[in-house]
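Please read the structure below before turning to the comments.
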2 protein chains.
Amino acid sequence: MIVMDRDQGRKPRKSAARGSYAVGDERRARILDVAVEHFAQWGFHASSLARIAKDVGITQGGLLHHFRSKEDLLVSVLRHSDEQDVARFFSLEPRTAVEAFESIVDLARFNSERPGRTRMFNVLAAEAGELGHPAHDYFVRRYRAVVGQIAGTLRAAVERGELGPDTDCERVASEIAAVMDGLQLQWSLAPATYDMPGRLHGYLDRLLRSLTADGSGLPANG
Amino acid sequence: MIVMDRDQGRKPRKSAARGSYAVGDERRARILDVAVEHFAQWGFHASSLARIAKDVGITQGGLLHHFRSKEDLLVSVLRHSDEQDVARFFSLEPRTAVEAFESIVDLARFNSERPGRTRMFNVLAAEAGELGHPAHDYFVRRYRAVVGQIAGTLRAAVERGELGPDTDCERVASEIAAVMDGLQLQWSLAPATYDMPGRLHGYLDRLLRSLTADGSGLPANG
DNA sequence: GTCTATAGCCGGATAGAC
DNA sequence: GTCTATCCGGCTATAGAC
């Protein structure tokens, strides 16, 4: 979802002769997709390599050819998810606070269209509170990165005079992340009846009004 | 945490002769306390009756004398937790919006003093998004009750003229619940460095200002 | 790259002794 | 009320055939 540890990427294939690697990568990508759904349903501890493999259409042994352990699969899934979102949402810097807030609503809307991945992050972030959880450090760093990135955007807006000079950017950024997570949690329990991006828009609109001198909010269709 | 299904309580003991039942209830209560910590660390699926029993100081067989199954233990833990909170926070109706918001901050402060229970609700609420999870219906109902209760309090404040007449009480109530959950999630990842009730106070203060005509907020020490 | 087979351990639940 | 013993199955990971 946010830029993190970009240098730890999987080592690149040495060659692409005869296209054989592309096939392997497709299988690998399919495993990651299936694993997302399982981690969403079961969390990490209660997910099972055998069940994941069965859903992919291979055996557990076959799966472990691609990922050397369950933990390796988890971190690969998390890194893969982040890479997708970086490409989708953080390739360019927002030029105004309104633009920044609109792209946050965009992200929430995108998240509502991939419930598996969204639920996976809900479950794993909660599980990972435990020290020693395989994704604990990952999520600690992730929230630092997310909050830091939003806070940086807010600070830039303060400097441009769009937001009040007394804005506590770190706190507001952390609050925005909290609202996103909390809305996603309620949405996960009843997705059909809960307009998650709409709720987030409402919150950000009110937030923006209270942070600007003239009380202007967020346009209706972010 | 909130009034729910009060009629489903465990059937009362038939007698209290010679005080033997009190001893049994103490053991039962101890199991519930330990189970909270385990569900917090592992969620439901990955918790183990044998490990819980070991922490209590009995065997798995002994535990299953008190709770006939793992699922029975889960629902007992959830009901027990709600009963505690009802007694603690919802025995009397708040008389003003400020009082209501202050009691929500109180609840957050109390939650920060019992990290196990708080984390348990984080993890289980996320897990329970899955249809068929043993606590799915429980959490769906729970959020309905929580949001409904807060919304009712807000509506009363609107009628007293404390909040603007255009306040969307349901949406605001749902947002408050979301902020509480989201803040708890971040706090769980780094409890020592995160002033969770303080953050919530800051949010509710700004929220109150934007909902009142005169822009008055929340006193400093809710 | 995927399979089968297997090791070694842990899971929930039941039965029955004390 | 707690124990031991046991059933049956699932778990991760490894080894080696193809």
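Every chain is numbered from 1, with letters handed out A, B, ... down the list of sequences.
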Between B:Arg51 and C:dC10, is there a side-chain N or O to OP1/OP2 distance below 4.0 Å?
no

Could you tell me how the ring of B:Phe121 sits relative to the ring of B:Tyr138: parallel (under 30°), tilted (30 to 60°) or perpendicular (over 60°)?
tilted

Which label fits A:His133 and A:His45: parallel for a plane angle under 30°, tilted from 30 to 60°, or perpendicular past 60°?
perpendicular

B:His66 side chain N/O closer than 4.0 Å to the phosphate oxygens (OP1, OP2) of D:dT2?
yes

d(CH2, B:Trp42; P, D:dC11) in whole Å
16 Å

Quick one: is D:dC3 close enough that its OP1 or OP2 comes under 4.0 Å of any side-chain N or O from B:His65?
no

Nearest heavy atoms of A:Ala177 and B:Gln186, plus distance in Å:
CB-NE2, 3.7 Å

Output the rounded distance in Å from CD (A:Gln60) to P (C:dA7).
15 Å

Here the distance between atom P of C:dC9 and atom CG of A:Leu49, to the nearest Å, is 19 Å

Calculate the interatomic distance between B:Leu63 atom CG and C:dG12 atom P; express it in whole Å.
10 Å

Look at all strands and tell whether A:Thr59 reaches a base, only sugar-phosphate, or nothing, counting heavy atoms closer than 4.0 Å.
base

Distance check needed: C:dG1 P versus A:Arg28 CZ, whole Å only.
11 Å

For A:Leu64, which contact category applies under a 4.0 Å heavy-atom criterion: base, sugar-phosphate, or nothing?
base

Side chain of A:Ile58 - closest among D:dT12, C:dC3, C:dG12:
C:dC3

With the threshold set at 4.0 Å, does a side-chain nitrogen-carboxylate oxygen contact exist between A:Arg117 and A:Asp85?
yes

Does C:dT2 have its OP1 or OP2 closer than 4.0 Å to a side-chain nitrogen or oxygen of A:Arg27?
yes

Measure from NZ on B:Lys54 to C1' on D:dT2 and round the result to the nearest Å.
18 Å

5' priority, DNA chain D, between A:Gly61 and A:Ser48 [closest heavy atom]
A:Ser48

Whole-Å gap separating P (D:dC11) and NE2 (A:His38):
11 Å

Provide, to the nearest angstrom, the distance between the CZ atom belonging to B:Arg68 and the C1' atom belonging to D:dG1.
16 Å

With a 4.0 Å cut-off, would you call B:Arg155 and B:Asp168 a salt bridge?
no

